[in-house]
Amino acid sequence: RLSWSAGCASLFGFEAAPGSGSPERFLERLHPEDRTVLVAAARAGLADERTLELELRVVLADGGVRWVLVRGRGRRDAVGRVERVTGVVVDITDRRRHEDELRAKEARLVQANALLAAVNRVQNSLATEELEHAAERWLEDLLALADCERVVLGRLVPGSAAAPEFLWTQRAKGPHAPASLDPERP
């Protein structure tokens, strides 16, 4: 036999009045996946007399789902049989909805951060391209100012036997470029 308060009855979608019923009636309102969880936890908890605390889904007659926190403990008689289980049921639907919303927002934040990182990579790549274009324009201006055929930008590492590292080579372009440039000559 199962006895409940009016508040507990209404949480399970029954008429909001104190009463009693069968445990089967209570189990019928639980989400099918949660029934097995409750039964297994109740058996384990009643066997060692610990307090059970589970979050379960209640499926209402209209198909809606309500989350409840069920907390209870069994009492044994002198012989050791479970004679009574007492507990409370609390509606946690709003809390679970807020937790789900928070998880969804966290997932969107992770996606936004990944997108931002990708945008930063593209932006850095564009900045590199912009720098290369700016350097090319600077070298073209330098060619025009110096009135020369070619500008070679490179570096030598002092004290090193390594050959110079050429960073940039620019030939003169346009109508003022020399008629013959040796493309193989650095």
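Since we're looking at a predicted model, the values are computed, not measured.
Atoms NE2 and OG1, from H31 and T36 in turn, are 10.5 Å apart once rounded to the nearest 0.5 Å. To the nearest 0.5 Å, atom CZ of residue R66 and atom CZ of residue R57 are 15.0 Å apart. Put simply, CG on L69 and OG1 on T93 are 11.0 Å apart, with the number rounded to the nearest 0.5 Å. We find the CD-CZ distance between E99 and R96 to be 6.0 Å, quoted to the nearest 0.5 Å. Rounding to the nearest 0.5 Å gives a distance of 14.5 Å between CH2 of W67 and CG of L11. In this structure, L27 CG and F12 CZ are separated by 9.0 Å, a value rounded to the nearest 0.5 Å.
Remark: V85 engages L46, V82 in a side chain to side chain contact (heavy atoms under 4.5 Å, CB included) (not counting sequence neighbours). Judged as a salt bridge (Lys or Arg N to Asp or Glu O under 4.0 Å), and not counting sequence neighbours, R84 has no contacts. The salt bridge (Lys or Arg N to Asp or Glu O under 4.0 Å) check on R29 picks up nothing, with sequence neighbours excluded.
Within the 4.5 Å cutoff, the side chain of L60 has heavy atoms near those of the V58 side chain.
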(message) Between K105 and E101, is the salt bridge (charged side-chain N to carboxylate O under 4.0 Å, His left out) condition met? List the steps.
(response) CA-CA 6 Å; K105 286 178 182 179; E101 288 171 2; 5.4 Å; no
(request) Under the salt bridge (charged side-chain N to carboxylate O under 4.0 Å, His left out) rule, what do R95 and E55 come out as? Steps first, then yes or no, please. (result) CA-CA 11 Å; R95 189 197 84 200; E55 292 184 6; 2.3 Å; yes
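When hydrophobic clusters are built by joining Ile, Leu, Val, Met, Phe, Trp and Tyr residues whose side-chain heavy atoms come closer than 4.5 Å, directly or via intermediates, L54 is grouped together with L30.
Within 6.0 Å of atom CZ in R75, 12 or fewer heavy atoms from other residues, nucleotides or ligands are found, so the atom counts as exposed in its surroundings.
With respect to D100 and R97, no salt bridge is recorded, no charged nitrogen being found less than 4.0 Å from a carboxylate O.
For the residue pair T51 / R73, a side-chain donor-acceptor distance below 3.5 Å is found, with atom types taken as modelled.
Shown here for R71 and E53, the closest heavy-atom pair between the two residues is NE-OE1, 2.7 Å. Across all non-hydrogen atoms, the minimal contact from A41 to L52 is O-CD2, 3.1 Å.
Without hydrogens or angle criteria, D91 side chain to V68 main chain gives no donor-acceptor distance under 3.5 Å.
Checked against the 6.0 Å centroid criterion, the rings of F14 and W4 qualify as a close aromatic pair.
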